[in-house]
2 protein chains.
Amino acid sequence: MMPGLKLDRIDLKILAKLQQAGRITNVELADAVGLSPSPCLTRVKRLEQAGYITGYGAHINLRKLGEFLTIFTEVTLSEHRRGDFSRFESRIFKLDEIVECHLVSGGYDYLLKFVTRGVSHYQSIIEGMLESDYGIEKYFSYVVIKSPFIKHHFPIQNLFGQNLSGSAGASHD
Amino acid sequence: MMPGLKLDRIDLKILAKLQQAGRITNVELADAVGLSPSPCLTRVKRLEQAGYITGYGAHINLRKLGEFLTIFTEVTLSEHRRGDFSRFESRIFKLDEIVECHLVSGGYDYLLKFVTRGVSHYQSIIEGMLESDYGIEKYFSYVVIKSPFIKHHFPIQNLFGQNLSGSAGASHD
DNA sequence: CAAGCCACAGCATTTTATGCCGCGCCTACC
DNA sequence: GGTAGGCGCGGCATAAAATGCTGTGGCTTG
């Protein structure tokens, strides 16, 4: 089990702030959460170390880089033995155009998110997957016409129901 | 139409690097892309200004913050007039737990991504949406069992098919 | 009630950000 | 073909930030 690390109200404020302003300076962050820079930086380092913060990234406006096509694909595997899942997962992980993979309950097994240069690009990837042995029984594609919004930051605070007084123990990795 | 801004090989390297290391220092970034700090910072500012970079964020490990439930929901609207869509979009945008909204072609209208504290939390949100007049005809939920991977950074380079020699004009916002 | 521990603020040093300047290259106009 | 202008670069100087150290106050524990 991991260190566990007790998160107080300030830690959550730090996480919330960094989530929506990842490049904020430590000085500003410290001011925003009501600490001086030193202990603030210490907390950030600890949060990174403990795995609460897994990385930082810039949000790139894909549309300005050219025409891209986002597609959600439902996938059903032909076999459901132990190993079929992990084999499928590790293989599609190598495909750069598949940016998300979710195992879901419901009518199919996986929901995949593709970002491609267009339908023909997508088509060639899918064909490659079908020709090789990914174990796909059937699939269905939903082409994204537009994405009205994608929130890169959900409100951590709200998800705790305003209950930011106590501490939140951690667990499972 | 926007400035347009011509992106060269170096700009794309900057975008790629910032996408996967958003908190990198300008000195390190400059070194990574083969520039000195001054022109590198100038380029970053310009990319931000021109909207290629829309923001920065930390990636938070939700699982360590407690039990959260991710759910993908297919939604079909009961009416498809002009205005029904935008009204739906602007209303669900206000719901913190809905973190993504995609208009898709295929069997239904919208694919939504929820992040909730659990099924009952999800249930209460859905009920609220049905009671108020969101214009939902029917919906179907896919509960995420696990997410084998979510790539916060797709390879910009690859999506251009290695063709990073020339320049890429921009367009539509 | 006293001793130890923890987290904080303040300070000093190193590193980074950022504006300014001069140089070389590429272009366009003469 | 030569020259003037503009653009983008590297280097430098100054301001700001990161980061490690130290002392202090509050809280816990014996």
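Residue numbers begin at 1 in each chain, while the letters A, B, ... track the order of the sequences. This one's a predicted model, so the numbers in the text were calculated from it and none came from an experiment.
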Per [X] side chain, nearest of listed nucleotides [options]:
X       : options               : answer
A:Asn26 : D:dA18, C:dA9, C:dT18 : D:dA18
A:Val27 : D:dA17, C:dA9, D:dG8  : D:dA17
B:Leu41 : C:dA17, D:dC9, C:dA9  : C:dA17
B:Pro39 : C:dA9, D:dG10, C:dT18 : D:dG10

Using whole Å, what does the distance between atom [atom2] of nucleotide [N] and atom [atom1] of [X] come to?
X       : N      : atom1 : atom2 : value
B:Gln49 : C:dT18 : CD    : P     : 14 Å
A:Leu29 : D:dA18 : CG    : P     : 9 Å
B:Asp11 : D:dC9  : CG    : C1'   : 14 Å
B:Asp31 : C:dT16 : CG    : C1'   : 14 Å
B:Ile10 : D:dC9  : CD1   : C1'   : 10 Å

Checklist entry - With a 4.0 Å cut-off on heavy atoms, is B:Ser38 in touch with a base, just the backbone sugar-phosphate, or nothing at all? => result base
Q) Across the strands shown, which category fits B:Thr25 at heavy-atom distances under 4.0 angstrom: base, sugar-phosphate, nothing? A) sugar-phosphate
| field | Distance-only polar pair, side chains of B:Tyr110 and B:Glu89, donor-acceptor under 3.5 Å | value | yes
Margin query: What I want to check is whether the side chains of B:His152 and B:Gln20 have a donor and an acceptor closer together than 3.5 Å.
Written below: no
Of A:Arg23 and A:Cys40, the one whose nearest nucleotide on DNA chain C sits closer to the 5' end is A:Cys40
What I want to check is whether an N or O donor and acceptor connect the side chain of B:Thr42 with the base of D:dG8 at under 3.5 Å. no
| field | Under 4.0 angstrom between B:Arg43 side-chain N/O and D:dC9 OP1 or OP2 | value | yes
I'd like to know if B:Arg43 pairs up with B:Asp8 as an ion pair, taking the criterion as any Lys NZ or Arg NE/NH1/NH2 lying under 4.0 Å from an Asp or Glu carboxylate oxygen. yes
query = Would you call B:Lys113 and A:Glu100 a salt bridge, using N to O less than 4.0 angstrom?
reply = yes
